[in-house]
2 protein chains.
Amino acid sequence: MVREITDIARTHLARDGAAGLSLRAVAREMGMASSAIHRYFPTKDDLLTALIIDGYNAIGDAAEASQQGQDPTGRWLALCHAVRDFALERPHEYALLYGSPVPGYQAPADTIAPAMRTTLVYGRIISDARPVSPVAVPPPAVLGPDVEALRSVMPGVSDEVVTPALTAWTALFGAVSFELFGQFGDTITHRREIFDHGMRSLARYLGL
Amino acid sequence: MVREITDIARTHLARDGAAGLSLRAVAREMGMASSAIHRYFPTKDDLLTALIIDGYNAIGDAAEASQQGQDPTGRWLALCHAVRDFALERPHEYALLYGSPVPGYQAPADTIAPAMRTTLVYGRIISDARPVSPVAVPPPAVLGPDVEALRSVMPGVSDEVVTPALTAWTALFGAVSFELFGQFGDTITHRREIFDHGMRSLARYLGL
DNA sequence: GCTCGTCAAGAGCACTGCTCTCTTTTCTGT
DNA sequence: ACAGAAAAGAGAGCAGTGCTCTTGACGAGC
């Protein structure tokens, strides 16, 4: 039952986006009274949470599947394209995960574990490669605890590389979001190629 | 009149976000009938467009004001912090400008000129500095037209640097969005410092 | 056989964007 | 100064939303 609701909700989400998702419309499509759906998902946020968890798991699957034993740069590029392909195929789900949060929605704790899956794929790449960034500089002392926290995702990586690695990670999502959210307008025509070139240059930035 | 409506709408936007913005609530606060507001903004999208244009101009103002004749790296850092400060001060407006687009809304053409203001500030920095990136590689031939289009924002910059410059630009917004949209959770405590360190490393990546 | 908990339905509340009609106000041209 | 036109606002109404509360069906356990 929950499965059927989330499946229908996902198709509505894919079509209309998170804000256009309507519990009543889902109920209608199931031939159910609008009130009955609240038995399974008491509030719309609960349904959104389920979709968010599914979404993180879907992109986590894609991220993990992209890692087929290449060299670090190949794995990094594969991960980048996995994220971008997911975003292009399921834009509304990507927006739900990495875009502006829907107002009033507070992500519960059980979303963070699925969200970490994709991050951990990245962490493993960096951790395995132990890159030496050509432009890295040691982080200031205040950042000690934060560097330590970040290193738990990429064990064994030196202080100098942990922070550029974070920057590259956010840069990936910045590039995807910029493209997906229409910031490029129509200035860029070969989007995949320019994305690929940008991610390759980030690999060199990291020293992969 | 239009001014008063947008002012009130902006306070509502700051409080409730774009999706929570209600024409009726704005009308109520003005002591007006809900229908009367449609005379000034026929549709909610029109009001959003006005807010978006104002928002782009506000961040454009901040970006331009940050450029006080330092060296290129200083100007780049000042621009980064101007963007980040704007995002932290007016998160819902930032989300409206650079976050996931509100569903069904199609940005009209008159938003792109204000949007370009901030981009042009960046373009001038790169154009003035003509950096030589230590990790740059010439873009593939297919990207010729795109590189040309990008160069119109940063005249005189070499092919090798145009694409990393785009990557750094999207990386800036990726870092701000990650922080603002809660992707860091509570792993990062010194957010300003880690942002600053990341943007400095991007400056070296660009060869500024 | 009879309770009792689960599931679904229906009605209803308060809210939304938007349209239509009707009235009032304001401005303009003579 | 005054009549007419144009603009501005009010009100009712439609279709839709999330969510709550109450009522009815149905099957399992005592």
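We name chains A, B, ... by the order of the sequence lines, and we start the count at 1 in each one. It should be emphasised that the depicted structure is a prediction, and the values quoted were computed from it without experimental measurement. Scope of the values below: all heavy atoms of this structure, side chains included, with no hydrogens, waters or symmetry mates.
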Q: Could you check how far CD1 of B:Ile37 sits from C1' of C:dT19, rounded to whole Å?
A: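 Spelled out: CD1 on B:Ile37 to C1' on C:dT19 is 16 Å.
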Q: Between atom NE2 in B:His38 and atom C1' in C:dC18, what is the gap in whole Å?
A: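 About 5 Å, once rounded to whole Å.
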Q: Got a sec: does the CD1 of A:Ile8 have more than 12 other heavy atoms crowding it under 6.0 Å?
A: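 For A:Ile8, atom CD1 is crowded (more than 12 foreign heavy atoms under 6.0 Å).
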Q: Can you list, pair by pair, the side-chain donor-acceptor contacts under 3.5 Å of residues 27-35 of chain A, counting residues two or more places apart and other chains?
A:
from, atom 1, to, atom 2, distance (Å)
A:Glu29, OE1, A:His12, NE2, 2.6

Q: Not counting sequence neighbours, which residues clear ring-ring contact (aromatic ring centres under 6.0 Å, His included) with B:Tyr56? List them please.
A: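 Applying ring-ring contact (aromatic ring centres under 6.0 Å, His included) to B:Tyr56 gives B:Tyr98.
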Q: Give the rounded distance in Å between these two atoms: CD of B:Glu29 and P of C:dC15.
A: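 It is 15 Å, rounded to the nearest whole Å.
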Q: Going by distance alone, is a donor N or O of one side chain under 3.5 Å from an acceptor N or O of the other, for B:Tyr94 and B:Ser177?
A: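 B:Ser177 and B:Tyr94 do have a side-chain donor-acceptor pair below 3.5 Å.
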Q: Taking B:Glu148's backbone N and O only, do any of them form a donor-acceptor pair with B:Ser152's side chain (distance below 3.5 Å, no angle check)?
A: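 No; zero donor-acceptor contacts below 3.5 Å.
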Q: Do the side chain of B:Asp45 and the main chain of B:Tyr105 share a donor and acceptor less than 3.5 angstrom apart?
A: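 A pair under 3.5 Å: no.
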Q: Around atom CG of A:Asp186, are there more than 12 heavy atoms from other residues, nucleotides or ligands closer than 6.0 Å?
A: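 No, CG of A:Asp186 has 12 or fewer neighbouring heavy atoms, counting only those of other groups under 6.0 Å.
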Q: Below 4.0 angstrom, which residues in residues 3-24 of chain A have at least one non-hydrogen atom near DNA chain C?
A: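 Under 4.0 Å from DNA chain C: A:Arg24.
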Q: Starting at the 5' end of nucleotides 4-10 of chain C, put B wherever the base has a protein heavy atom under 4.0 Å, S where only the sugar-phosphate does, and a dash everywhere else.
A: ---BBBB
Q: Does A:Asp46 reach the main-chain N or O of A:Thr43 with its side chain, forming a donor-acceptor pair under 3.5 Å?
A: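 Yes; judged by distance alone, with no hydrogens or angles, the pair exists.
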Q: Just how far, in rounded Å, is P of C:dC15 from CZ of B:Arg28?
A: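 Taking atom P of C:dC15 as the reference, CZ of B:Arg28 is at 7 Å.
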Q: Students should find this one: the first and last nucleotides of DNA chain D, 5' to 3', lying under 4.0 Å from a heavy atom of chain B. What are they?
A: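 Terminal contacting nucleotides, 5' to 3': D:dA8 to D:dG13.
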Q: Going by ring-ring contact (aromatic ring centres under 6.0 Å, His included), name the residues that satisfy it together with A:Tyr122, two or more places apart in sequence or in a different chain.
A: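 Checked A:Tyr122 against ring-ring contact (aromatic ring centres under 6.0 Å, His included); matches are A:Trp76, A:Trp169.
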Q: Measure the acute angle between the ring planes of B:Phe178 and A:Phe173, then classify it against the limits of 30° and 60° as parallel, tilted or perpendicular.
A: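 Judged by the thresholds at 30° and 60°, the geometry between B:Phe178 and A:Phe173 is tilted.
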